[in-house]
Amino acid sequence: MIAPRLEIDLEKIKVNARTLVKRLALQGISVTAVMKATLGAPEIANALRQAGVKTLGDARIENIVKMRHRGVPGPMAMIRSPMISQAARVVKYAELSFNTELEVIRMLSAAAQIAKRMHGIVLMVELGDLREGILPKDLHGMVREILRLPNIALKGIGTNLACRSGVSPDAVNMRELSALADSIESTFGFPLEIISGGNSANLAWALSGANTGRINNLRLGESILLGCDPLQRQPISGLHTDAITLVAEVIESKVKPSQPWGTIAQNAFGAPSTPKTHGHIQQAILAIGRQDIDPLGLEPPQDVEILEASSDHLVVKTGRYAYPVGSEIAFRLNYSALLRAMTSPFVSKLWVNRTPILQSPPTLTKKPRLVSSLQEK
Ligand SMILES: *Cc1c(COP(=O)(O)O)cnc(C)c1O
């Protein structure tokens with residue numbers, strides 16, 4: 001079978017999305033599914049729609065355009081502040097965009113007038129993580145300016161935490177967002193439809209049973225795709241953590257010394273890690289590399305250990321088994337590895353739809369040969 005490949009189980013992704021949509025609905029919170037790690041894959045977009053997700057979001061307009069051209073229905077949101085150079089495309093393809101700069105919103109207004117349509121705006125507020133966001137003291141002034149702009153509808157406010165500085169969403173910063181919504185409404189006298197509290201990192205807070213205040217939307221990517229809470233990288237109960245797996249093929253399999261010999265300098269990517277083992281090991285090379293994955297973001301099967309990766313080679317140590325040339329090894333991925341694998345043209349995408357088994361371990365696709373003579377000191 002073609003390798004390397006991502007095996008993407010649409011049923012498991014659907015279960016993850018439906019579970020989160022239902023749990024959050026109990027708190028009055030809707031889900032915007034964030035597609036950016038999938039490059040806007042229409043197969044996944046359609047699965048998410050079937051799971052009850054109303055709005056799809058993406059940080060790249062190209063992904064939104066792709067979903068539209070492939071017939072994905074329903075509202076779409078541009079969740080990164082649009083580039084001025086892309087204003088016309090954003091207005092054409094997305095109903096909503098998340099913004100922090102008046103110049104950009106002015107351009108969206110101009111583009112929306114030309115296109116003769118309304119464009120919705122959510123203003124992102126800075127609450128400590130120091131990525132995108134308007135400082136709370138500047139928010140009212142910004143709202144006043146936006147209300148004057150033709151063809152622009154101010155739909156709400158939002159915030160994004162835990163992405164740059166790892167600031168956790170908690171009762172304090174979420175209460176501040178709720179209070180900002182209240183103060184805009186009372187000052188300007190109109191209701192805000194969307195109070196978007198954050199991303200997958202908000203789930204622990206949102207599902208803790210705490211008062212969620214005015215927050216009525218979350219933008220979820222990683223938790224839907226990987227079933228994982230990004231704050232502690234722990235599995236979320238009831239969700240599949242193996243909806244997407246990476247399969248790579250062995251191109252060399254040999255018993256080799258674990259320590260290199262010769263004069264040691266840097267390798268292609270900086271200082272090589274010093275091997276911890278001595279003596280001989282069963283070593284395998286997989287035909288995949290840093291161009292396709294983040295080697296630190298792969299979780300190998302139990303008796304496989306990742307030793308090093310270069311552009312095109314992933315070197316692993318295998319324990320009791322020797323993986324013959326041509327056999328395959330399946331890995332789970334974290335967000336970083338998923339993002340790169342999805343983006344690599346060398347990794348093919350296989351849509352699978354196996355019967356869901358909750359949090360099953362990755363399985364080997366070919367049975368490895370047991371090497372009993374292997375000596376390890
Ligand atoms: C990527 C992104 C998200 C989704 O984050 P996850 O951790 O994958 O849930 C939400 N909001 C914004 C603004 C983003 O850029």
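Just follow the structure's listing: the first ligand is 1, and inside any ligand the first atom is 1. In this text, all values refer to a predicted model and were calculated from it rather than measured experimentally.
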Lys/Arg N to Asp/Glu carboxylate O, [X] vs [Y], below 4.0 Å:
{"X": "Arg106", "Y": "Glu145", "answer": "yes"}
{"X": "Glu299", "Y": "Arg233", "answer": "no"}
{"X": "Arg5", "Y": "Glu328", "answer": "yes"}
{"X": "Arg68", "Y": "Glu95", "answer": "yes"}

Which bit of [X] gets closer than 4.0 Å to ligand 1, counting heavy atoms only: side chain, backbone, both or neither?
{"X": "Glu132", "value": "side chain"}
{"X": "Arg131", "value": "side chain"}
{"X": "Tyr335", "value": "side chain"}
{"X": "Leu220", "value": "backbone"}

* Asked: Of all the atoms in ligand 1, which lie at a distance below 4.0 Å from a heavy atom belonging to Ile79?
  ->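 It comes down to these atoms of ligand 1: 2 (C), 11 (N), 12 (C), 13 (C), 14 (C), 15 (O).
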
* Asked: Is any N or O atom of Gly221, backbone or side chain, closer than 3.5 Å to an N or O atom of ligand 1?
  ->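 It does: an N or O of Gly221 is found under 3.5 Å from an N or O of ligand 1.
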
Could you pull out the closest heavy-atom pair between [X] and [Y], with the gap in Å?
{"X": "Pro42", "Y": "Lys66", "answer": "CD-CE, 4.1 Å"}
{"X": "Ala112", "Y": "Val91", "answer": "CA-CG1, 3.7 Å"}
{"X": "Ala45", "Y": "Met67", "answer": "CB-SD, 3.8 Å"}

* Hey, mind stepping through Glu308 and Lys317 against salt bridge (charged side-chain N to carboxylate O under 4.0 Å, His left out) and telling me if it holds? -> CA-CA 10 Å; Glu308 199 54 78; Lys317 166 180 177 283; over 6 Å; no

Any idea which protein heavy atom is nearest [atom], and the distance to it?
{"atom": "atom 8 (O) of ligand 1", "answer": "Glu222 N, 2.8 Å"}
{"atom": "atom 3 (C) of ligand 1", "answer": "Lys36 NZ, 3.6 Å"}
{"atom": "atom 5 (O) of ligand 1", "answer": "Asn199 CB, 3.3 Å"}
{"atom": "atom 11 (N) of ligand 1", "answer": "Arg219 NE, 2.9 Å"}
{"atom": "atom 9 (O) of ligand 1", "answer": "Ser200 OG, 2.5 Å"}

